[in-house]
Amino acid sequence: MAMDWDKLRVFHAVAEAGSFTHAGEALNLSQSAVSRQISALEESLSVPLFHRHARGLILTEQGELLFRTAREVFAKLAMSESLISESKDRPKGPLKITTNVSFGSIWLAPRISEFLDLYPEIQVSLLVDDSELDLSMREADVAIRMSAPRQPDLIQRHLATVQVHIYGSPEYLKKHGTLQRPEDLDEHRLIVYGDDGRPPVPGVNWILEAGAKPGHDRRPILSVNNTYGMLRAVRSGLGLASLPDFVATEQGDLTRVLPELAGPPNEAYFVYPEELRSSKRISVFRDFLLRKVAEGRLS
């Protein structure tokens, strides 16, 4: 029995959306047309694919199995389609980039304009998220990550070593005094990366241990679950925080505190799936990034 592509496409949309109504909106079909397609697919397979509840739809075990396969098939089709659509001469088509919130918002977003001036036929989507999206499932085409990827099917290119120091606003330092040695951090207000989010880099809260007296527990004045939020809090005069140098220097109005004291450096990598090795959009974006890093240093 050959599976009907149209029905499979409808099934994939329903499983993603969790309801006939939302899938219908995405596919431009009525709710009843979507429901009929799913019933026909279940009939042809002789298994139920969804448990129908008042709150929505839940995949059955067989539905989960089909959904995993359908996701993979449609991800591969999307990838093939975008590779085919690239012209021989000009890179064009969609390019979905993911990176963490601070790098994406502060360093990368202001430079996208220049990239699009060079390659106007590429449609860029920038997904900033401190949790890692799955490139092998085509949640994004490329990622800029602050640690080496662990998945074997991803190609990685080292971009830069990102240095990390402690920063404060001139207003804060005027009010609370300058620091002479790391132990002085015991007496200051510290802003840290919150435990609730997945830290974008290892050792992100080293400021709580640097020079701390034995048995002295430094309590932060504020925890924020992304570096951009920490930056805004530092600029407001609330306290001191460990920030990547590129974050602080892009702003231009912060003071480096205890300049000889550095946190663990972050290694930035350009990452993409093996299947996109021949993509022109990715190669021109990679070359653009390497050029920008060389010009402006991530420090």
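Note that the numbering runs from 1 along the sequence shown for the chain.
Here CG of L66 is found 13.0 Å from CD of E61. Values are rounded to the nearest 0.5 Å. Distance check: H165 NE2 to L243 CG gives 11.5 Å after rounding to the nearest 0.5 Å. Interatomic distance, L108 CG to I106 CD1, rounded to the nearest 0.5 Å: 11.5 Å. In this structure, D130 CG and M146 CE are separated by 10.0 Å, a value rounded to the nearest 0.5 Å.
Judged by distance alone, with hydrogens and angles left aside, the side-chain atoms of R235 form no donor-acceptor pair with the main-chain N or O of L254 at under 3.5 Å.
Residues F11 and F50 place their aromatic rings such that the two centres sit under 6.0 Å apart. Taking the six-membered ring wherever Trp is involved, the centroid distance between the rings of F285 and Y119 does not fall below 6.0 Å.
When only modelled atom types and interatomic distance are considered, S19 and T21 share no side-chain donor-acceptor pair under 3.5 Å.
In this structure, R111 places its CZ atom where more than 12 heavy-atom neighbours from other residues, nucleotides or ligands lie under 6.0 Å away. More than 12 heavy atoms of other residues, nucleotides or ligands sit less than 6.0 Å from atom NE2 of H176. The local environment of CG in N28 is sparse, with at most 12 non-hydrogen atoms from other residues, nucleotides or ligands closer than 6.0 Å. More than 12 heavy atoms of other residues, nucleotides or ligands sit less than 6.0 Å from atom NZ of K213.
Across T249, D245, T255, a single residue satisfies side chain to side chain donor-acceptor pair (under 3.5 Å) together with Y167, and that is D245.
P244 and V162 get closest at one heavy-atom pair: CB-CG1, 3.7 Å. When all heavy atoms of I122 and P91 are compared, the closest pair comes out as CG1-O, 3.6 Å.
A salt bridge is defined here as a Lys NZ or Arg NE, NH1 or NH2 lying under 4.0 Å from an Asp or Glu carboxylate O, and E171 with K174 fails to meet this definition.
Using a 4.5 Å cut-off on side-chain heavy atoms (C-beta onward), I97 and D141 make no contact.
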Show, in sequence, the C-alpha distance, side-chain angles and deciding distance for F270 and L290, and conclude whether the side chain to side chain contact (heavy atoms under 4.5 Å, CB included) test is met. CA-CA 9 Å; F270 183 81; L290 288 166; over 6 Å; no
